[in-house]
Colleague: 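Below are the structure tokens for one structure; questions will follow.
For clarity, every value in this text was computed on a predicted model and none was experimentally measured. Letters go in sequence order (proteins before strands), and every chain restarts at 1.
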Amino acid sequence: MHTTLTKFLDRPASIVAPELLGCILEREINGHIMRVKIVETEAYDETDAASHSFNGRTQRNDTMYGKSGYLYVYFTYGMHYCCNVVTDKEGIGSAVLIRAVEPLEGVEYMNELRNRVGNELTNGPAKLCQALGIDRRLDGHDLSQLPFRLIVPSRDTPLRIVQTNRVGITKAKDVQWRFYIEANEYVSKP
DNA sequence: TGCCTGATGTTCT
DNA sequence: GAACATCAGGCAC
């Protein structure tokens with residue numbers, strides 16, 4: 001694990017989530033390189049009723065309790081994957097859900113994987129997983145290395161970030177742990 | 001444009 | 001057996 005990345009991610013999810021906005025994800029699959037920018041995130045931790053880690057460590061959420069800088073992928077609604085970046089110290093069940101990304105490179109191959117175009121390509125957690133070819137085989141993957149890598153760019157101009165309540169959940173809806181880049185067309189609808 | 005619903009597997013009660 | 005951090009398609013307006 002890359003030490004700079006560890007230092008960046010080794011903090012509470014609610015702190016890391018807004019700072020992940022604007023970061024780059026690089027995915028390599030079948031020789032294709034795809035690069036996307038994170039534009040929407042949500043924080044989850046064990047104090048949070050909507051989090052997978054709220055009811056303690058289980059086989060499914062084990063990755064969330066591991067070291068920061070790894071990928072937590074889970075399967076939901078019978079047909080969708082969602083991906084999270086594990087944050088905070090080992091033993092703490094916290095992660096940041098990647099809700100939307102903006103394609104930068106390899107858009108053609110994303111289109112091929114998802115059979116959609118435009119902002120419908122990656123403007124939702126399950127959509128971006130499909131576009132980037134992410135499934136449970138990547139659960140627990142080290143995000144400092146390909147085939148799926150997180151790159152934290154040096155920040156030049158501050159981003160315009162909006163903080164709201166989370167969406168698509170039934171518990172703890174009023175917790176303001178959703179963050180997105182203002183006026184970005186790839187941010188999910190609600 | 002917007003609500004409703006079906007699809008469908010895994011996890012936990 | 002129910003809930004689920006979802007999406008896409010259908011149909012009404």
Side-chain angles (χ1 to χ4, degrees), chain A residues 9 12-21 23 25 27 36 38-66 68 70-88 92-103 107 110-141 143 148 150 161-181 184-190:
Chain A
L9 296 172
S14 56
I15 305 291
V16 176
E19 297 191 20
L20 274 174
L21 297 174
C23 291
L25 288 170
R27 171 79 168 125
V36 297
I38 299 172
V39 299
E40 183 177 349
T41 59
E42 281 180 7
Y44 290 88
D45 77 15
E46 27 185 289
T47 65
D48 169 15
S51 172
H52 286 176
S53 57
F54 185 63
N55 292 314
R57 194 168 185 164
T58 64
Q59 192 176 16
R60 168 167 74 151
N61 63 26
D62 198 58
T63 308
M64 280 183 89
Y65 285 83
S68 63
Y70 290 82
L71 191 68
Y72 170 46
V73 180
Y74 65 89
F75 189 81
T76 190
Y77 290 105
M79 49 174 64
H80 296 299
Y81 294 102
C82 295
C83 71
N84 302 245
V85 175
V86 176
T87 66
D88 221 326
I92 299 179
S94 77
V96 176
L97 170 68
I98 310 298
R99 279 197 61 84
V101 299
E102 176 183 333
V107 181
M110 292 184 216
N111 286 332
E112 206 172 301
L113 289 174
R114 226 185 99 59
N115 200 29
R116 288 286 187 290
V117 293
N119 62 353
E120 282 296 310
L121 193 56
T122 53
N123 67 342
K127 301 180 191 182
L128 71 92
C129 284
Q130 191 183 356
L132 296 176
I134 295 166
D135 62 28
R136 276 236 302 249
R137 285 172 297 180
L138 280 170
D139 185 40
H141 171 73
L143 279 169
F148 193 45
L150 175 67
I161 294 174
V162 183
Q163 177 173 8
T164 68
N165 54 312
R166 293 172 297 182
V167 294
I169 54 175
T170 54
K171 298 171 191 163
K173 286 185 247 196
D174 40 346
V175 179
Q176 302 249 309
W177 275 3
R178 172 177 177 235
F179 306 89
Y180 61 91
I181 297 179
N184 186 290
E185 64 171 314
Y186 289 94
V187 170
S188 65
K189 298 277 153 56

Colleague: Indicate yes or no for a side-chain donor-acceptor contact from A/Thr41 to the backbone of A/Val96 under 3.5 Å, with no hydrogens or angles considered.
Modeller: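 A pair under 3.5 Å: no.
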
Colleague: Does anything in residues 51-62 of chain A come within less than 4.0 Å of DNA chain C? Heavy atoms only, and list the residues if so.
Modeller: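 Heavy-atom cutoff 4.0 Å gives A/His52.
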
Colleague: So that I can compare with my own list, what are the stems of DNA chain B, taken as at least three consecutive Watson-Crick or G-U pairs with distances under 3.5 Å?
Modeller: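 Stem segments, range with range: B:1-7 with C:6-12, B:9-12 with C:1-4.
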
Colleague: Apply the test side-chain contact (heavy atoms from CB on, under 4.5 Å) to residues A/His141 and A/Cys83: give CA-CA distance (whole Å), side-chain angles for both, the deciding distance (0.1 Å), then the verdict.
Modeller: CA-CA 11 Å; A/His141 171 73; A/Cys83 71; over 6 Å; no

Colleague: Check every nucleotide of DNA chain B for an atom under 4.0 Å from a heavy-atom of chain A, then give the first and the last such nucleotide from 5' to 3'.
Modeller: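 That gives a stretch of B/dA7 to B/dC12.
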
Colleague: Kindly write out the residues that satisfy salt bridge (charged side-chain N to carboxylate O under 4.0 Å, His left out) with A/Glu42, not counting sequence neighbours, or none if the list is empty.
Modeller: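 Applying salt bridge (charged side-chain N to carboxylate O under 4.0 Å, His left out) to A/Glu42 gives A/Arg99.
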
Colleague: Using the test side chain to side chain contact (heavy atoms under 4.5 Å, CB included), find all partners of A/Ala172 that sit at least two apart in sequence or belong to another chain.
Modeller: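 In terms of side chain to side chain contact (heavy atoms under 4.5 Å, CB included), with neighbours along the sequence ignored, A/Ala172 is linked to A/Asp48, A/Ala49, A/Ala50, A/Arg166, A/Val175.
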
Colleague: Is there a donor-acceptor pair under 3.5 Å between the side chain of A/Arg27 and the backbone N or O of A/Gly133?
Modeller: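 Confirmed, A/Arg27 side chain pairs with A/Gly133 backbone.
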
Colleague: Report yes if the ring of A/Tyr74 lies under 5.5 Å from the six-membered base ring of C/dA5 with planes under 30°, and no otherwise.
Modeller: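 According to the criterion (under 5.5 Å, under 30°), no, A/Tyr74 does not stack.
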
Colleague: Near DNA chain B, counting only heavy atoms under 4.0 Å, which residues of residues 116-131 of chain A show up?
Modeller: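 Close to the strand, none.
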
Colleague: How close or far is atom P of C/dA5 from atom CG of A/Leu97, stated in whole angstroms?
Modeller: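 Spelled out: CG on A/Leu97 to P on C/dA5 is 10 Å.
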
Colleague: Applying salt bridge (charged side-chain N to carboxylate O under 4.0 Å, His left out), name anything that partners A/Glu112, two or more places apart in sequence or on another chain.
Modeller: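 Listed in chain order: nothing, the list is empty.
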
Colleague: Please list, chain by chain and in numerical order, all residues satisfying ring-ring contact (aromatic ring centres under 6.0 Å, His included) with A/Phe75, sequence neighbours excluded.
Modeller: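 Expected list: A/Tyr81.
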
Colleague: Using only atom types and a distance under 3.5 Å, with no angle test, would you say the side chain of A/Asn61 pairs donor to acceptor with the backbone of A/Thr58?
Modeller: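 Yes; judged by distance alone, with no hydrogens or angles, the pair exists.
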
Colleague: With a 3.5 Å distance limit and no angle check, can you tell me whether A/Asp88 reaches the backbone of A/Ser94 through a side-chain donor-acceptor pair?
Modeller: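 No.
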
Colleague: For A/Arg136, give me all partners under salt bridge (charged side-chain N to carboxylate O under 4.0 Å, His left out), at least two apart in sequence or on another chain.
Modeller: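 Per chain and number, A/Arg136 pairs via salt bridge (charged side-chain N to carboxylate O under 4.0 Å, His left out) with no residue.
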
Colleague: What verdict does the side-chain contact (heavy atoms from CB on, under 4.5 Å) test give for A/Tyr74 and A/Leu97, after you've listed the backbone C-alpha separation in whole Å, the side-chain angles of each residue and the deciding distance to 0.1 Å?
Modeller: CA-CA 11 Å; A/Tyr74 65 89; A/Leu97 170 68; 4.2 Å; yes

Colleague: Using atom names, set out every protein N or O paired with an N or O of nucleotides 1-4 of chain C below 3.5 Å, distance rounded to 0.1 Å.
Modeller:
from, atom 1, to, atom 2, distance (Å)
C/dC4, OP1, A/Thr170, OG1, 3.1

Colleague: How many whole angstroms separate atom CD1 of A/Ile134 from atom P of C/dT6?
Modeller: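 One finds 16 Å between P of C/dT6 and CD1 of A/Ile134, rounded.
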
Colleague: Keeping A/Ser51 on the side-chain end and A/Glu46 on the backbone end, is there a donor-acceptor pair under 3.5 Å?
Modeller: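 Answer holds: no.
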
Colleague: Residues two or more places apart in sequence or in another chain: which of them pass side chain to side chain contact (heavy atoms under 4.5 Å, CB included) with A/Asn184?
Modeller: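 Per chain and number, A/Asn184 pairs via side chain to side chain contact (heavy atoms under 4.5 Å, CB included) with A/Val39, A/Glu102, A/Ile181, A/Tyr186, A/Val187.
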
Colleague: Rounded to whole Å, please give me the gap between CG in A/Asp45 and P in C/dA5.
Modeller: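 My rounded result for the distance is 15 Å.
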
Colleague: Let me confirm one number: the CG-CD1 distance from A/Leu21 to A/Ile98, rounded to the nearest 0.5 Å.
Modeller: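 Result: 8.5 Å between the selected atoms.
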
Colleague: Can you name the side chain to side chain contact (heavy atoms under 4.5 Å, CB included) partners of A/Asn123, sequence neighbours left out?
Modeller: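 If we apply the side chain to side chain contact (heavy atoms under 4.5 Å, CB included) test to A/Asn123, skipping adjacent residues, the hits are A/Glu120, A/Lys127, A/Lys189.
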
Colleague: Between C1' on C/dA5 and CZ on A/Arg136, what's the gap in Å once rounded to a whole number?
Modeller: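 Spelled out: CZ on A/Arg136 to C1' on C/dA5 is 16 Å.
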
